[in-house]
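Worksheet for the structure shown next.
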Amino acid sequence: MQGSQAGPYFSTDVLATYFYRLAFGSVAGGESIGLGSALAVVLFLMISSATSVLLFFIKRKE
């Protein structure tokens with residue numbers, strides 16, 4: 001738990017904090033907002049696919 005700066009040279013970043021830093025961390029805006037939103041879409045697709053696989057196996061077990 002290194003906070004918003006993510007340790008030395010952002011070495012402890014995970015996708016969610018990296019997305020937040022890209023989208024909202026830069027004052028200049030520009031392409032960082034686009035990269036942040038693209039990363040948010042990828043993160044959403046990963047979470048929704050993992051959730052649907054998990055729900056499939058739970059329903060199959062019942």
Could you state the interatomic distance from CZ (R21) to CG (L35), rounded to the nearest 0.5 Å? 11.5 Å
Under the side chain to side chain contact (heavy atoms under 4.5 Å, CB included) criterion, do F19 and L15 qualify, and how do the steps go? CA-CA 6 Å; F19 147 71; L15 283 179; over 6 Å; no
Answer with yes or no whether the hydrophobic clustering places F56 together with V53; edges join I, L, V, M, F, W, Y residues whose side-chain heavy atoms lie under 4.5 Å apart. yes
Atom CZ of F24 and atom OG of S32: how far apart are they, to the nearest 0.5 Å? 12.0 Å
Rounded to the nearest 0.5 angstrom, the CG-CZ distance for L55 and R60 is 14.5 Å
Nearest-0.5 Å distance that lies between atom CD1 in I47 and atom OG in S52: 12.0 Å
In one Ile/Leu/Val/Met/Phe/Trp/Tyr side-chain cluster, 4.5 Å: L39, M46: yes
